Amino acid sequence: MSSPSVIPVPPAVAAHARIDEARYKAMYERSIRDPEGFWAEQGRRLNWIRPYTQVKDVDYTGDVRIRWFHDGTLNACWNCVDRHLPARAGQTAILWEGDDPAEDRHVTYGEMHEAICRLANVLKARGVKKGDRVTIYMPMIPEAAYAMLACARIGAVHSVVFGGFSPESLIGRIQDCDSAVVITADEGLRGGRKVPLKANVDAALEHCPAVHSVIVVRRTGGKVGWAEGRDVWYHEATAAASRDCPVEEMSAEDPLFILYTSGSTGKPKGVLHTTGGYLVFASMTHEAVFDYRDGEIYWCTADVGWVTGHSYIVYGPLANGATTLMFEGVPNYPDASRFWQVVDKHKVNIFYTAPTAIRALMREGEAPVKKASRQSLRLLGSVGEPINPEAWLWYWNVVGEGRCPIVDTWWQTETGGILITPLPGATALKPGSATLPFFGVRPVIVDNEGNHLEGATEGNLCLADSWPGQMRTVYGDHKRFVETYFSTFKGMYFTGDGARRDEDGYYWITGRVDDVINVAGHRLGTAEIESALVAHPKVAEAAVVGYPHDIKGQGIYAYVTLVAGEATTEELRRELVQWVRKEIGPIATPDLIQWAPGLPKTRSGKIMRRILRKIAANEHGQLGDTSTLADPGVVDDLVGNRMNRA
Ligand code: 6R9
C-alpha cells in the first residue's frame with residue numbers, strides 16, 4: 001500500500017487550539033504513567049454529592065472487576081441539567097429539527113428540567129424505584145432524552161431500544177432486563193413515513209405480561225390501540241404531575257443504562273454502563289474530541305437508540321452545557337441537501353455523522369452540498385465503521401472545503417465513549433485512519449496467539465488497561481462478559497476489531513475479525529440473522545456473512561439450505577427477506593440470498609465461513625485451502641451460482 005498523504009492541522013485551527021500537539025503528547029504520557037492522578041483531576045468536571053477518594057480499581061484477570069470513582073456519589077441528571085440552571089436556564093439545550101423541514105423546537109435547559117421532573121414523577125407514581133429497568137422505544141424527539149434523564153434522575157436504569165427494531169426484538173430486550181415500564185410514542189416519522197411504534201409495543205407486550213405501564217407520547221396523532229389501566233398518555237400524565245422532583249443519590253458504580261448490542265454468538269448482550277466513570281468519560285471526550293466551545297451548535301446525526309446517541313447526543317453534550325441538535329429525519333428527505341440545509345438553518349458548528357451517510361450523499365454529487373453555504377461549520381466527525389479514504393476526502397474537500405478537521409472516532413457500545421481519534425488542534429490527519437489513542441487509552445495489537453506485536457504491524461486490536469467509560473458487565477450474565485471480552489487474550493480487553501498500526505503509530509481499523517457485521521453503521525451478529533432464517537419452517541440451515549457494499553460498507557449475504565422437497569422460488573426468496581425484517585427489523589434485511597444445496601463444512605461439522613465470505617465477495621479465485629472440507633463439491637455449486645458478480 002502506498003503511503004497515504006498527511007494533512008496537517010489547518011493553521012487557523014492550530015492558532016486557537018486548546019490542546020495542541022505538544023499538549024496532547026504531554027497529557028497522553030501523563031494519563032498512561034499516572035492514570036489515578038489524571039482521572040482524579042478529570043473526575044472533577046462533574047458535581048459529586050460525596051466526592052470520591054478512590055479513582056481506579058480494575059482487575060482484568062479472573063472474574064474481572066472494573067470500578068472507577070467507586071466511593072463517590074452523584075446523579076447523572078443533575079450533572080446534565082440542574083447544575084447548568086443558574087447560568088443556562090434560558091439557553092437552548094435541545095435544538096430539535098423535525099422530519100418535516102417546517103417543524104423545529106428549541107428546548108431550554110429550564111424547560112427540559114421541568115419536563116424531566118414531571119416525567120420522573122410519573123414514573124415514580126407508576127412504582128418505578130431506584131434500580132428498576134425502564135425500556136424506551138422512541139422516535140427522535142426531545143421526549144426521548146427526557147425519558148433517559150428522568151430515569152437517571154430517580155436511579156432507574158434505562159434500556160433504549162432502537163425504533164427500527166421489530167416487536168420480536170423488543171420482546172427479547174424487555175424480557176432480558178425485566179422491564180415493567182415502557183416509554184414510547186404513538187408513531188415515529190422518518191422520511192415522511194410513519195413508524196408504528198405503539199402498535200409494535202402492543203404486539204410485543206402480548207409476550208411480556210410483567211409490563212404494567214406504557215407511557216405514550218403523542219407525536220403524529222395517529223390512531224393507536226389502548227389498554228386501559230396499562231397505557232397512559234405522556235401529555236396527560238406529565239401535566240398532572242408535580243414539577244419538583246429531587247434527584248436520587250447514586251453511587252458512581254450504580255447502573256445508568258443497559259444497551260443491547262450484537263455479538264458474534266447468541267442473542268444480543270445487555271451492555272451495562274454505570275454512572276460516574278461513564279459520565280466523566282462522555283463529558284471529557286465530547287469536549288476534547290469535538291473541541292466543544294461554549295455557545296456552539298453541535299449536531300450528532302445518530303439515533304438515541306445507539307450508543308452514539310447516548311454519549312454524544314444526550315450525556316456528553318448535556319453534561320457540558322452544550323446545545324445539542326436532535327434530528328428526527330433522514331439525510332435524503334425531502335432531498336439530498338437536507339443535512340446542509342439544517343446546518344445553515346441552525347448555524348451548526350460541529351457535525352458528526354456516519355460513513356454510510358457520507359457515501360450515500362457522495363453518490364448524489366456536489367450540487368446538493370453546494371446549495372447550502374455551510375459557513376458555520378468548523379469541525380466534522382465520523383463514526384460507526386471504517387471510512388474509506390475516498391469518502392473521507394469528499395467529506396474534507398466538498399463538505400468542509402478543506403477548512404474543517406475531520407475526527408474519525410473509533411469506539412464501541414462497550415467502550416462508552418471515543419477511544420481512538422484525532423484531536424482537531426493536535427493531530428495531523430490521514431484519510432481513513434482513526435489516528436491516535438485518546439487519553440488513558442492503551443491500544444495493543446496482538447497476533448492470534450496473543451503475542452504483542454510492536455511497531456508497524458497488523459492484527460487483533462486489544463486494550464491493555466481500563467478507562468472510566470468502559471462497560472462493567474453484561475446485564476445478568478457476568479460470565480458472558482468475561483468470556484466475550486477477556487478470555488480470547490488473557491489480561492486484555494478484546495475489541496473484536498482488527499487494526500493496522502503504521503510507522504507513525506497511527507491506527508487503521510480494518511473491521512471486525514469476529515462474526516459481527518456492520519451494515520450501514522448498524523452492528524449485527526450473523527448468528528442472529530441465521531437463527532431468524534432457520535426459524536422459518538422451510539429453512540433447514542443458513543449461513544450469513546457480510547460482503548463489500550458501496551454505500552452500506554457491508555451488505556448481508558445469506559446462504560440458505562431449504563428442507564428437503566421445498567422449491568427454490570423467487571417468491572420464497574422474497575418471503576424470507578420479509579421474514580427476517582419481521583424477526584429482527586428492517587436493518588437486518590438480507591441483500592442477497594443464495595440457495596445452497598449444501599454448506600462447506602469441515603469433517604467435524606463446522607461451517608467454513610472463510611470460504612463463504614470469499615464467494616460472497618466475488619473473490620472465489622482465492623478460496624485457499626479447501627482440502628479439509630467434508631465435501632469439496634459443494635463449493636463448486638456455490639461459486640457457480642454466486643449472487644454477487646460485481
Ligand atoms: C460507536 C459505535 C462498534 C463497531 C466497532 C468497529 C466499528 C465504529 C469506527 C469503527 C472504524 C471507526 N466502528 N467506529 N470502525 N472506524 N471510526 O459505532 O458502536 O455500534 O457498538 O459498533 O463499529 O467495528 O467494533 P457500535
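Given the structure is predicted, the values throughout are model-derived calculations rather than measurements.
Scanning both residues, Met140 and Ile313, for their nearest heavy atoms gives CE-CD1, 3.8 Å. Residue Arg153 comes nearest to Ile116 through the heavy atom pair CD-CG2, 3.9 Å, listed as atom of the first residue, atom of the second, then distance. Of all non-hydrogen atoms in Leu393 and Pro431, the two that sit nearest each other are CD2-CG, 3.9 Å. Here the closest non-hydrogen pair linking Arg613 and Asp515 is NH2-OD1, 3.0 Å. Taking every heavy atom of both residues into account, Ser159 and Cys177 meet most closely at CB-SG, 4.3 Å. Between Ile258 and Leu272, the shortest heavy-atom contact is CG1-CD1, 3.7 Å.
One N or O on the side chain of Glu385 and one on the backbone of Thr356 form a donor-acceptor pair closer than 3.5 Å. Checked by atom type and distance alone, the side chain of Thr61 never pairs as donor or acceptor with a backbone atom of Gly491 at under 3.5 Å. Of the possible donor and acceptor atoms, none in the side chain of Glu328 sits under 3.5 Å from a partner among the backbone N and O of Pro139. The backbone N or O of Asp504 lies less than 3.5 Å from a partner atom in the side chain of Asp502, making a donor-acceptor pair. Not a single donor-acceptor pair under 3.5 Å links the side chain of Thr135 to the backbone N or O of Ile174. Judged by distance alone, the side chain of Asn320 and the main-chain N or O of Ala322 form no donor-acceptor pair under 3.5 Å. In this structure a side-chain-to-backbone donor-acceptor pair under 3.5 Å is missing from Trp39 to Phe69. A side-chain donor-acceptor contact under 3.5 Å links Ser433 to the backbone of Tyr507. Judged by distance alone, with hydrogens and angles left aside, the side-chain atoms of Arg83 form a donor-acceptor pair with the main-chain N or O of Ala319 at under 3.5 Å. Here the side chain of Asp57 pairs no donor or acceptor atom with the backbone of Arg65 at under 3.5 angstrom.
Checking Tyr312 against Thr285 by side-chain atom types alone, a donor-acceptor pair falls below 3.5 Å.
The side-chain heavy atoms of Trp411 and Ile418, taken from C-beta on, include a pair separated by under 4.5 Å. Using a 4.5 Å heavy-atom threshold, the side chains of Leu379 and Tyr298 count as separate. By the 4.5 Å heavy-atom criterion applied to side chains, Phe481 and Lys269 are not counted as neighbours. In this structure, Thr261 and Glu414 have side chains that are in contact, with non-hydrogen atoms separated by less than 4.5 Å. Residues Thr324 and Val314 fail the side-chain proximity criterion, which asks for heavy atoms closer than 4.5 Å. Side chains of Pro268 and Arg173 form a contact here, defined as non-hydrogen atoms less than 4.5 Å apart. Residues Thr435 and Asp408 fail the side-chain proximity criterion, which asks for heavy atoms closer than 4.5 Å. Contact of the Ile556 side chain with the His549 side chain is not registered, since no non-hydrogen atoms from C-beta on lie closer than 4.5 Å.
Ring geometry for Phe162 against His522 counts as tilted: the plane angle lies between 30° and 60°, on a 0 to 90° scale. Ring orientation note: the planes of Trp396 and Trp392 are close to parallel, at an angle under 30° on the 30°/60° scale. Ring-plane geometry between Tyr315 and His310 is classed as tilted, the angle between the planes lying from 30 to 60 degrees on a 0 to 90 degree scale. Ring orientation note: the planes of Trp299 and Phe339 are nearly perpendicular, at an angle over 60° on the 30°/60° scale.
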Using residues 141-152 as the side-chain source, report each donor-acceptor pair under 3.5 Å to any protein atom, sequence neighbours left out, with the distance given to one decimal.
from   : atom 1 : to     : atom 2 : distance (Å)
Glu143 : OE2    : Arg105 : NH2    : 3.4

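Here the CG atom belonging to Asp291 is positioned 8.0 Å from the CD1 atom belonging to Ile19, to the nearest 0.5 angstrom. With rounding to the nearest 0.5 Å, the separation of CD1 in Ile49 from CD in Glu249 is 4.5 Å. Between the CG atom in Leu279 and the NE2 atom in His273 there is a gap of 12.5 Å [rounded to 0.5 Å]. Distance check: Tyr485 OH to Leu463 CG gives 12.5 Å after rounding to the nearest 0.5 Å. Between the CE atom of Met112 and the NE2 atom of His84 there is a distance of 7.5 Å, given to the nearest 0.5 Å. If you take CD on Glu41 and CZ on Arg30, they are separated by 4.5 Å, rounding to the nearest 0.5 Å.
In Lys479, the NZ atom is not crowded: 12 or fewer heavy atoms of neighbouring residues, nucleotides or ligands sit closer than 6.0 Å. The number of heavy atoms from other shown groups lying within 6.0 Å of CD (Glu390) does not exceed 12.
Exactly one residue among Asn448, Asp497, Asp447 makes a side chain to side chain donor-acceptor pair (under 3.5 Å) with Asn460. That residue is Asn448.
For the pair Glu21 and Lys25, the salt-bridge criterion is met [side-chain N within less than 4.0 Å of a carboxylate O]. Using a 4.0 Å cut-off between charged nitrogen and carboxylate oxygen, Glu287 and Arg18 do not count as a salt-bridge pair.
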For this session: Show the numbers, then the answer: is there a side chain to side chain contact (heavy atoms under 4.5 Å, CB included) between Leu461 and Ile420?
Result: CA-CA 11 Å; Leu461 179 63; Ile420 301 182; 4.3 Å; yes
For this session: Check step by step if side chain to side chain contact (heavy atoms under 4.5 Å, CB included) holds for Phe438 and Met27.
Result: CA-CA 10 Å; Phe438 189 73; Met27 279 177 77; over 6 Å; no
Exercise. Would Val348 and Leu377 count as a side chain to side chain contact (heavy atoms under 4.5 Å, CB included) if you check the C-alpha gap in whole Å, the side-chain angles of each, and the deciding distance to 0.1 Å?
Worked result: CA-CA 6 Å; Val348 172; Leu377 283 179; 4.2 Å; yes
For this session: Determine, step by step, whether Thr409 and Tyr352 satisfy the side-chain hydrogen bond (donor to acceptor under 3.5 Å, both in side chains) criterion, reporting the C-alpha distance in whole Å, the side-chain angles of both residues, the deciding distance to 0.1 Å, and the verdict.
Result: CA-CA 10 Å; Thr409 61; Tyr352 188 32; 2.6 Å; yes
Problem set entry | Worked check of side chain to side chain contact (heavy atoms under 4.5 Å, CB included) between His158 and Ile183 | CA-CA 10 Å; His158 59 72; Ile183 307 177; over 6 Å; no
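For residues 462-475, the set of pairs meeting the side chain to side chain donor-acceptor pair (under 3.5 Å) definition, not counting sequence neighbours, comprises Lys56-Asp465, Tyr60-Gln470, Trp68-Ser466, Arg133-Tyr475, Glu253-Arg472, Thr274-Arg472, Ser466-Gln470, Thr473-His478. Pairs engaging residues 412-437 under the ring pair (Phe, Tyr, Trp, His ring centres under 6.0 Å) rule: none recorded [sequence neighbours left out].
Taking the six-membered ring wherever Trp is involved, the centroid distance between the rings of Phe257 and Tyr278 falls below 6.0 Å.
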